[in-house]
K.L.:
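This is the structure I want to talk about, given as C-alpha cells.
Worth saying up front: this structure is predicted, and the values here are computed from it rather than measured. In what follows, chains carry the letters A, B, and so on, assigned in the order in which the sequence lines appear, proteins first and then strands, with residues in each chain numbered from 1.
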Amino acid sequence: MIRAGFLKRFRNSKTAMLALRFLTLEALAVYLLPLVFHMDPVTSDVQAGFYAAPSAAHLFGTDGAARDLLARTLCGGQVSLLVGVAAPLISISVGLPLGLIAGYYRGIAESLVMRTADVFMSFPSILLSLILVTVIGPSLESAVAVIGIMGWSEIARLVYGNVLSIREKEYVDSALSIGRSDFQILKDEILPGVLSPVFVSFSFRSGSAILQESGLSFLGAGIRPPQASWGGIISAAQDISVLTRMPWVWVPSGVLIVLTVIAFHFVGEGMRDALDPKMKL
Amino acid sequence: MARYLLKRILSAMLTMFFVTAIIYALLSMLQGSAMNAMGGSGGEMTAADYEAARRAFGLDMPVWLRYLHWLRDVLRWNLGESYRYGAPVGEIIGQRFFPSALLVGSGLLFAVLFGLPIGVMAAYRPGSVWDRISSFFALIGFTAPRFIICIAFIYIFSYRLRLFPVMGMYGNSSLGDLVGRLILPASIIAFGSMGYLIKQTRGACMDVFQEDYLKTARAKGLSEPEVILKHGVRTAIAPIMTQIMLEIPEIVGGSAITEKIFGWPGIGALMLDAIRNRDTPLIMGVTLVIAVTVLGANILLDLAYGLLDPRVTSR
C-alpha cells in the first residue's frame, strides 16, 4: 500500500511536515503538560473569581465556574485529538466493508448500501448527530460513536467508487478465472487498491470529526461539563458579555480548533500528493 | 424528460420516507419525551394517570403503527401539535419559514456572486492573486467551524467596529434595519459555503478551459470575455451545480447554528430548540420540511442542468 518513496515525497512537502510537527507537539503538550504540572481542570478557584482575566496563577484566566482555563484548554485538546483518531476508525470499519461489498457484488447489495448512503447524505449531519446524541445521552463515548457512524457514508462512497474501477482490471478477471473465492479476491486483489484513498481520507476525516465534536459540545450535546472540551469552553461566548468583554475565555480554544483542523487538512493533502497527486479527494 | 423527472421525484419521495422513518424510530427511543416536554415532572403522576396520558398521545401503539399514523396525517396536511407550545406544528413552522428562506437565500446569493468570479479568475490565471484568494477561502471553508466564524464576526464587526446590530431579526421594523441585521449572518452562511463553491468552480473551469472548442471559439474571432463566459463557464456550470447540490444539507445544518447564535427566528434555530426540548412532533415537522427543501432543491438544480449545459439536451 505504502509505496517506496511515499515517505520521501511526504517529507518534501513543507506545509504537510509543518502541520505534522504541529500536531505532534500539540499531542505532547495536551497529554503531558497537565500531568507534569498537576493541572486541575475541574476544581473551582473561588478566590481567583469567575471569568477572571489571565494572571500568573491562571495564565489563560478562569471560566464561569472559576476553573483554570489553561488546564481546561489542554484537557479539551485531549478530547479533540481522541475524537480525531477514534471517530474516523469507526467510520472506516463500518464504511470500508460496506463499500467493498456494494462495489464487488453490485445488484441488491449495491442498491441497499448506496441508497442508504444517499439517505444519510440528504439530511444535515449536525442535526442527525444531535438527535442521535440526545437519544443515547451526551458523553464523550456517544459523541465518538455518533460522529464515527455518521461518517460511514462518505467512506463507503469512496471505497465503492474505487472498487468499481478496480473490478474491471485484468488481474481481477484472471484471479476469477483460476477459481479464487470472492473473499480471497476482495482481500488480495481489491482491498490493496482501495486502501490508499481510505488512508488519505483518514486525515481529512480526523479534521471534520474534530469540527463536529466541537459543534456538538458547543450546543451542549457532546462532551458535558465538568469535562472540558474546546466547543464547550467556547459555548460560554453565547453570553454576549463573555463574547464582547472576555475574549480570553474563547479565543485560545477557537484558535486551537482552527489550527488543528487546518493541520489535519494539510497532512491529508501531503499524503494525497505523495501517494497520487491525481487522486480526487 | 418527463419520465426522467418522474423517476427523480419517486426516488426523492423514497429517500424522504426513509429519512423520516429513521428519525421517527430514533425519537421513539426517547422515553417519556411527551411528558417531559409538557413541563410535567411526572413525580405527582400515579401509574394510572401515566398510562392515560400515554394513551392520549397514542404512545401505547407500536412504533411502526405510530409512524404510519403520522404519515397519514402528513398526507392530510396535518403535522400534529407541538408538545412544548401546544400550537399546530404547521403554524409554528409557517412563521419560521420566511426568515430562514431570506437568510439562506441571501447567503447563497452572496456565495455565488463572490465565489463564482473568484473561482473562474483562479482557473483562468493559476498561481495569480485570485488563485491565492481562492485557496484561502477554500481552506477557511473546509476548516473553520461555523460557530467560531459567527463569534469572531460578531466580535469584530458588531462589537469592535460597531457596523451591525447583533441580535434578532426585527428591530424598528424598517427595511434598512432588516438589511443591516441580515448582512452579518448572511455573509457567514456565504463564507461557510463559498470554500467548496470556489474550489469546485476552479476545478471545473480548469478542465473546461483546456477543451479544444475554446480554441475554436477564439479562432472564430470572439473576444476573450465572450469565449470564457459563453463557451467556458457555461459548460463548467453542471459540475459546479452538482457540488452545490451536495452541499445543501450542510448549508442548512450550518445555518441552524448561525440562526441560533444570532437569535434569528428561523427553522434551524427552531429545530435546535425542538431537539433540546425533545418535542417529537415539532422535530418530525421540521425534519419533513428540511427533507422536502433539500430534495426539492436537488431536483430543481438537476432540471436546470439541461437549460445551462449545451451538452445535455435530453436524457
K.L.:
Where does B:L26 contact chain A at under 4.5 Å (heavy atoms): side chain, backbone, both or neither?
P.N.:
both
K.L.:
Checking B:V294 against chain A: side chain, backbone, both or neither under 4.5 Å from a heavy atom?
P.N.:
side chain
K.L.:
State the CD-CD1 distance between A:Q238 and B:I154, to the nearest 0.5 angstrom.
P.N.:
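Rounded to the nearest 0.5 Å, the CD-CD1 separation comes out at 10.0 Å.
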K.L.:
Report which part of B:I22 has an atom under 4.5 Å of a heavy atom belonging to chain A: side chain, backbone, both, or neither.
P.N.:
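Contact with chain A is through the side chain of B:I22 alone.
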K.L.:
Under 4.5 Å from any heavy atom of chain B, what part of A:F123 do you find: side chain, backbone, both or neither?
P.N.:
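When you check distances to chain B, atoms from both the backbone and side chain of A:F123 fall under 4.5 Å.
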K.L.:
Can you tell which part of A:F264 gets under 4.5 Å to a heavy atom of chain B, answering side chain, backbone, both or neither?
P.N.:
neither
K.L.:
What option among A:L219, A:V251, A:D118 has the most heavy-atom pairs under 4.5 Å with chain B?
P.N.:
A:L219
K.L.:
Could you tell me how the ring of B:Y155 sits relative to the ring of A:W250: parallel (under 30°), tilted (30 to 60°) or perpendicular (over 60°)?
P.N.:
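If you compare the ring of B:Y155 with that of A:W250, the planes turn out perpendicular.
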K.L.:
A:F266 and B:T143: side-chain contact (heavy atoms from CB on, under 4.5 Å), yes or no, with the steps?
P.N.:
CA-CA 10 Å; A:F266 279 147; B:T143 55; over 6 Å; no
K.L.:
Does any backbone or side-chain atom of A:I210 lie under 4.5 Å from a heavy atom of chain B? Answer side chain, backbone, both or neither.
P.N.:
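No part of A:I210 comes within 4.5 Å of chain B.
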K.L.:
My understanding is that only one of A:I131, A:L130, A:I126 makes a side chain to side chain contact (heavy atoms under 4.5 Å, CB included) with B:M271; could you say which?
P.N.:
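The passing option is A:I131.
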K.L.:
Any chance you could measure A:L211, atom CG, to B:R146, atom CZ, to the nearest 0.5 Å?
P.N.:
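Reported value, rounded in 0.5 Å steps: 11.0 Å.
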K.L.:
What part of B:I151 gets closer than 4.5 Å to chain A, counting heavy atoms only: side chain, backbone, both or neither?
P.N.:
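B:I151 touches chain A through backbone and side-chain heavy atoms alike.
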